[in-house]
Amino acid sequence: EDKGLSGPESYWLLQDKLGYLWIATADGLNRFDGYGFKTFRKLPGDTNSIGSSQVSRMVMDQKGNLWVGYTTGGISYYDALKGSFKNYMPLKSVGTSLPPESVSLMYIDRKNNLWIGVRRYGLIRFDIQKNSFIHYSPLPDIHPSYSKEVQQVYNTVYDIYEDESGLFWLATHNGLYTFNPSNGIYAPVRQSPVVPHT
């Protein structure tokens, strides 16, 4: 047990049902028990260690399981009983995995689905039962005069609010959107539509 945080910058924190405080840093995941810190870092060659030491986001699901996302891409599930991590790291085939970009959002909805925002890749749902990632189309209504590279940057989701009807409200790099998780349709919420330069 250490006396302090593993790094000077903290990106995210949450408290679990047992009272532990989890702190995401650029140099490991820290767990504080009220007395001291335990730091989880990536250990080369150890497949049960955390997927990366550069932690960007965390979320606790409805069963009390911790999910962790990384600035280097990928997510992990922490198995508290075993004290080990199950890692879902980026693969070359992006369609079946997470892309190798920073995790900008992790959210558990009312149905206990895990939603992941990945920088430049929009919104992705992890099907926990099937162990698979469902990729949704890019955000619509991004200004058409932007280059492809800039359009990708605007395809980033930072936060979700789920209203009483189950509709998601998304805070994105391209403004406010609604998203219907049952049909995968986005709708921009704008005062006036985007108009291409003529």
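These numbers were taken from a predicted model, which means no experiment stands behind them.
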message: Run the side chain to side chain contact (heavy atoms under 4.5 Å, CB included) test on L123 and L105 for me, step by step, so that the C-alpha distance in whole Å, both residues' side-chain angles and the decisive distance to 0.1 Å come before the verdict.
response: CA-CA 9 Å; L123 198 57; L105 158 81; 4.0 Å; yes

- prompt: About how many Å separate NZ of K42 and OG of S53, when rounded to the nearest 0.5 Å?
  reply: 8.5 Å

message: Side-chain heavy atoms nearer than 4.5 Å, only ILVMFWY residues, links allowed to pass through others: does that put I75 and Y11 together?
response: no

Step-by-step side chain to side chain contact (heavy atoms under 4.5 Å, CB included) determination, D33 to K38: CA-CA 8 Å; D33 64 5; K38 178 174 177 61; over 6 Å; no

message: Using 30° and 60° as the class boundaries, would you call the ring planes of W115 and F179 parallel, tilted or perpendicular?
response: perpendicular

- prompt: T178 versus V189: any side-chain heavy-atom pair under 4.5 Å?
  reply: yes

field: Minimal non-hydrogen separation, N183 against I185, with atom names
entry: OD1-N, 3.0 Å

message: With no hydrogens and no angle check, just 3.5 Å: does a side-chain donor-acceptor pair link S104 and T156?
response: no

task: Treating Ile, Leu, Val, Met, Phe, Trp and Tyr as nodes and any side-chain heavy-atom pair under 4.5 angstrom as an edge, say whether Y88 and V59 lie in one connected cluster.
output: yes

message: Would a single hydrophobic cluster contain both W12 and F32, if residues Ile, Leu, Val, Met, Phe, Trp and Tyr are joined by side-chain heavy-atom contacts under 4.5 Å?
response: no

message: Please verify the inter-ring angle class for H143 with Y146; under 30° counts as parallel, over 60° as perpendicular, anything in between as tilted.
response: tilted

query: Distance from I128 atom CD1 to N112 atom CG, nearest 0.5 Å?
result: 5.5 Å

task: Indicate whether the side chain of Y70 and that of S76 have a donor and an acceptor atom separated by less than 3.5 Å.
output: yes

- prompt: Should M106 and L114 be marked as a side chain to side chain contact (heavy atoms under 4.5 Å, CB included) after you check the CA-CA gap, both sets of side-chain angles, and the distance that decides it?
  reply: CA-CA 7 Å; M106 296 185 84; L114 174 59; 4.2 Å; yes

query: So, for F85 and S49, which heavy atoms are closest and what is the spacing to 0.1 Å?
result: CB-O, 3.7 Å

message: Assigning hydrophobic clusters by single linkage (Ile, Leu, Val, Met, Phe, Trp, Tyr; side-chain heavy-atom cutoff under 4.5 Å), is Y20 placed with I108?
response: no

query: Between Q62 and K17, what is the shortest heavy-atom contact and its length?
result: O-NZ, 3.2 Å

task: May I ask you to decide if R119's main-chain N or O and Q152's side chain share a donor-acceptor pair within less than 3.5 Å?
output: no

message: One pair to check against side chain to side chain donor-acceptor pair (under 3.5 Å): Y186 and D141. What are the steps and the verdict?
response: CA-CA 10 Å; Y186 298 99; D141 205 37; over 6 Å; no

message: Could you walk me through whether V68 and F40 satisfy the side chain to side chain contact (heavy atoms under 4.5 Å, CB included) test, starting with their C-alpha distance in whole Å, then the side-chain angles of each, then the deciding distance to 0.1 Å, before giving a yes or no?
response: CA-CA 11 Å; V68 183; F40 300 90; over 6 Å; no

query: What's the spacing between D61 CG and N113 CG if we round to 0.5 Å?
result: 10.5 Å

query: Quick one: are Q54 and S102 in side-chain contact, heavy atoms under 4.5 Å?
result: no

statement: Closest heavy-atom pair, R120 versus E149, reported as atoms and distance to 0.1 Å, is NH1-O, 4.2 Å

query: So among T71, I50, T72, which one has a side chain to side chain contact (heavy atoms under 4.5 Å, CB included) with V55?
result: I50

task: Compare every heavy atom of P99 with every heavy atom of V118, then report the nearest pair and how far apart it is.
output: CG1-CG, 3.7 Å

field: W67 and Y77 aromatic ring geometry - parallel, tilted or perpendicular at 30°/60° bounds
entry: tilted

field: D163 side-chain N/O to S165 backbone N/O, donor-acceptor pair under 3.5 Å
entry: yes

field: Nearest-0.5 Å distance that lies between atom OH in Y78 and atom CE in M60
entry: 10.5 Å

Gap separating the OG atom of S84 from the CG atom of D79, nearest 0.5 angstrom: 5.0 Å

- prompt: Under the 3.5 angstrom rule, does the side chain of N155 hit a backbone N or O of L139 as a donor-acceptor pair?
  reply: yes

- prompt: Which of parallel (below 30°), tilted (30 to 60°) and perpendicular (above 60°) describes H173 and Y158?
  reply: tilted

task: Validate the cation-pi geometry between R190 and Y177: distance from NZ or CZ to the six-membered ring centre under 6.0 Å, angle to the ring axis within 45°.
output: yes

- prompt: So T172 and N174, side chain to side chain donor-acceptor pair (under 3.5 Å) or not? Walk me through it.
  reply: CA-CA 5 Å; T172 80; N174 197 44; 5.5 Å; no

message: Quick one, L66 and L14 - any side-chain contact, counting heavy atoms below 4.5 Å?
response: yes

- prompt: Quick one: do the T25 and D27 side chains pair a donor with an acceptor below 3.5 Å?
  reply: no

- line: To the nearest 0.5 Å, atom CZ of R31 lies from atom CG of L18 at 9.0 Å

query: So which heavy atom on R110 is nearest to which on E162, and how close?
result: N-OE1, 3.1 Å

- prompt: Under a 4.5 Å side-chain heavy-atom rule over Ile, Leu, Val, Met, Phe, Trp and Tyr, are I124 and V103 clustered together?
  reply: yes

